[in-house]
Amino acid sequence: MPPRRRSAVSRLRPLMRRAAIAVLFAAVGSGLWYAEEREVRDGLSWMGVPDWQRLTPLSLHRVLRNDGYLVGWSDVRVSPLWVSYRLAAVGDARIGERPGFRRDWRTLWPVTPDSYLGSGYDRGHLAPNYAIAAVHGRGAQRDTFLMSNMVPQRPSLNRRLWQRLEEVVIDRFVPRVGALQVIAGPVFASRFQQGALHRVGLVEVPVAFYKILVVPGARPRALAFVMPQAVSGDEPLDRFVVSIDRIEALTGLDFFPHLPAAAADVLEGRVETDGWGLEAVARLPGRFD
DNA sequence: TTTAATGT
């Protein structure tokens, strides 16, 4: 009796079974990755990480995970578009020495610690050294010195006005409200404004910077600022208060995308400075004056 | 008790 010839279909079956198993493993693996990634992101943001109002080539960006904060990185701008982190009241706030600036190899474009040399711009932290170190520890502090966390800032902004805001946030607001969600980032010129596409090396230079503070909870409260590059540094902080809607109009981002529309209208459309004690701290001198 | 950073 001649051996039974195996049909093409039956020969295919083991192969398909193997392929199915591989697909299953990939699905489970990426599912686990996704669940873990979402858990980390949820711990470093509130009501979802910033999203886009409309998708354009300029709005391509990816989320970089760090110890203590997240970065929305744009390979088009060669710049962070936002950072997201949480601050909580801590007792002993002594922190370690300033670590050195480091290249972030995830950015692909070579942005190195000397990329701003001789440009007249400071390497300004978006996620701040001091507050992140005080709340999240030494490893997180080191991560704030990644070049993917830097934006070109004029010295009078970085060392004076912006520094005063960072100091007020961690020293005054956090003890007052208990915990804060913070989102900060750059504002770029529109294509038609003067100074559009001004770069330091590969890095696009912003015209201004925003910082959004939210007290999470059933009745969340927000305080938001936009500060331009050109400041003297001793302006009162309350001069720069804006609504979150204003920052969304300037950046094209959608902040807190998981927040229900009715709550978003209230939180993002209004400027409500009551309860922050802003007037009392708006004119405090900076540390380096 | 020093939280910003450059240039020397």
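Side chains are part of it too, since the values below use all heavy atoms of this structure and drop only hydrogens, waters and symmetry mates.
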- Task: Remember a base hit wins even if backbone is also touched, and classify A/Gln163 as base, sugar-phosphate or nothing at under 4.0 Å, heavy atoms.
- Result: sugar-phosphate

- Item | Proximity to DNA chain B (any heavy atom under 4.0 Å), residues of residues 126-158 of chain A only | A/Asn129, A/Tyr130, A/Asn158

- Message: Mind checking if A/Gly286 touches a base, just sugar-phosphate, or nothing, with heavy atoms under 4.0 Å?
- Response: nothing

- Message: How about CH2 on A/Trp52, more than 12 heavy atoms from neighbouring residues, nucleotides or ligands closer than 6.0 Å, or not?
- Response: yes

- Task: Report the residue from A/Val214, A/Leu223, A/Val169 that forms a side-chain contact (heavy atoms from CB on, under 4.5 Å) with A/Leu180.
- Result: A/Val169

- Item | Greater than 12 external heavy atoms within 6.0 Å of A/Arg283's CZ | no

- Counting heavy atoms not belonging to A/Arg246, are there more than 12 under 6.0 Å from its CZ? no

- Message: What contact category does A/Arg160 fall into here, base, sugar-phosphate, or nothing, at under 4.0 angstrom with non-hydrogen atoms?
- Response: nothing

- Which comes earlier along DNA chain B counting from the 5' end, the contact point of A/Arg94 or that of A/Arg159, where each point is its nearest nucleotide? A/Arg94

- Side-chain contact, heavy-atom cut-off 4.5 Å: A/Ser79 with A/Pro186? yes

- Query: Side chains of A/Gln181 and A/Ser84: do they bring a donor and an acceptor to under 3.5 Å?
  - Reply: yes

- Item | Exceeds 12 heavy-atom contacts within 6.0 angstrom, atom CZ of A/Arg270 | no

- Message: Counting the benzene-type ring for Trp, do A/Tyr116 and A/Phe101 have ring centres under 6.0 Å apart?
- Response: no

- So where does chain A start and stop touching DNA chain B, 5' to 3', when the test is distance under 4.0 Å to a non-hydrogen atom? B/dT2 to B/dG7

- Task: Show the numbers, then the answer: is there a side-chain contact (heavy atoms from CB on, under 4.5 Å) between A/Val78 and A/Glu204?
- Result: CA-CA 6 Å; A/Val78 193; A/Glu204 186 164 348; over 6 Å; no

- Is the count of non-hydrogen atoms from other residues, nucleotides or ligands lying under 6.0 Å from A/Arg172 atom CZ greater than 12? no

- Note on the structure: Sorted by number, residues from residues 171-182 of chain A placing a heavy atom under 4.0 Å from DNA chain B are A/Asp171

